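Predicted model, so just to flag it, every value in this text is computed and none were measured.
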Amino acid sequence: MRVRSIVLAAGLLALSAGSSAATDGYAAIDGGTFRSVLPAGPGIEQVDVAPFRLAKTPVTNAQFLAFVQKHPQWRRDRVAGLFADQSYLQSWANPVVPGAGAPADAPVVQVSWFAASAYCESVEARLPTWYEWEYAAAADETRTDARSDPAFRARMLSWYARTADTPAAVGKGPVNAYGVFDLHALVWEWVSDFNALMVSTDSRDQGEDPDLLKFCGAGAITMQDKENYAVLMRIAMLSSLQGAYTTANLGFRCARDGDEP
């Protein structure tokens, strides 16, 4: 009887461990060198991305509700105007009830960069950088870099052309080669360094400041991949924002460094 109990306990422990691994919310991404659409500086074509972990799905309304309940300073009726504009969480029925317009399993939207950063910090994470997001988003279901495939580009454009009043549930679409969902199909996403994606309408301004990922809004003159219009649209949108801004199609996901548990 004792042997049977030990075997049963061991089996339950193994099942528990397997379940924990299966429900881990982050995908490990090895990192590497890739050709970003935004050069890091004059004459620099390749970008190095360190290993990191990216949340498999965007943060949902249910997850963000738990956050504001624990940190009430981020409720829409209490948040400081410096950190969020008047549209912050306006799709929710009230400050602590998302309601029918914001399903629990759909991505939270109308959140500011400050709120997204605070959420990620609360779960011992951070927002991904632009290069990390771009690196992960280059993958399709089977390839880590599908950007040269016209069919992949066309699919991205068709996603961005769609409009919907309420985002669908996370994690229901195809998963990419890294094990990440919804990088293109549901909502646009904040990145930590969004304010470094500075728009310049004068090509003579390009490359003057190595700390800014500048590009020309009119013609994308510095973009190394000018045919990737979907990425260009995302950069143009992010570069137009300020940290307190919120929009109805902008959410976020979190990331962690590769050596973090």
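No donor-acceptor pair under 3.5 Å is formed between the side chain of Tyr135 and the backbone N or O of Val49. Side chain of Asn176 to main chain of Ala136: a donor-acceptor pair is present (N/O by atom type, distance under 3.5 Å, no hydrogens or angles).
Every residue meeting the salt bridge (charged side-chain N to carboxylate O under 4.0 Å, His left out) condition with Asp77, not counting sequence neighbours, appears here in chain and number order: Arg75. Qualifying side chain to side chain contact (heavy atoms under 4.5 Å, CB included) partners for Val109, counting only residues two or more places apart in sequence or in other chains: Ser91, Pro167, Val187. By the salt bridge (charged side-chain N to carboxylate O under 4.0 Å, His left out) test, Arg155 is found to be paired with Glu141, residues two or more places apart in sequence or in another chain being considered. Every residue two or more places apart in sequence or in another chain that forms a side chain to side chain contact (heavy atoms under 4.5 Å, CB included) with Asp149 is listed here: Arg143, Ala151, Phe152. The ring-ring contact (aromatic ring centres under 6.0 Å, His included) search around Phe114 returns Phe83, not counting sequence neighbours. Residues meeting the side chain to side chain contact (heavy atoms under 4.5 Å, CB included) test with Ala138, sequence neighbours left out: Asp145, Arg147. The salt bridge (charged side-chain N to carboxylate O under 4.0 Å, His left out) search around Asp85 returns none, not counting sequence neighbours. Taking Ala169 as the reference, Asp105, Lys172 meet the side chain to side chain contact (heavy atoms under 4.5 Å, CB included) condition, with sequence neighbours excluded.
Clustering ILVMFWY residues whenever any of their side-chain heavy atoms sit less than 4.5 angstrom apart, transitively, puts Phe64 in the very cluster that holds Val79. Note: the hydrophobic cluster containing Val175 does not contain Ile29 (ILVMFWY, side chain heavy atoms under 4.5 Å, direct or indirect links).
Heavy atoms only, all atoms of each residue included: Ala27 and Lys56 are closest at N-CG, 3.9 Å.
At a threshold of 4.5 Å between non-hydrogen side-chain atoms, the residues Tyr26 and Leu54 do not count as touching.
Between the side chains of Gln110 and Ser87, not a single donor N or O lies within less than 3.5 Å of an accepting N or O.
Using cut-offs of 30° and 60° on the angle between ring planes, the pair Trp113 and Phe194 is tilted.
Applying the ring-ring contact (aromatic ring centres under 6.0 Å, His included) test to pairs two or more places apart or on separate chains, none has a residue in residues 90-112. A ring-ring contact (aromatic ring centres under 6.0 Å, His included) check over residues 35-59, counting only residues at least two apart or in different chains, returns nothing. Sorted by first and then second residue, the pairs that involve residues 174-191 and meet salt bridge (Lys or Arg N to Asp or Glu O under 4.0 Å), not counting sequence neighbours, are Glu189-Arg253.
The residues Glu134 and Arg35 are annotated as not salt-bridged, no charged nitrogen and carboxylate oxygen being separated by less than 4.0 angstrom.
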Below 3.5 Å, can you tabulate the donor-acceptor pairs from side chains in residues 94-104 to any protein atom, sequence neighbours excluded?
| unit_1 | atom_1 | unit_2 | atom_2 | d |
| --- | --- | --- | --- | --- |
| Asn94 | OD1 | Val96 | N | 2.8 |
| Asn94 | OD1 | Val97 | N | 2.9 |

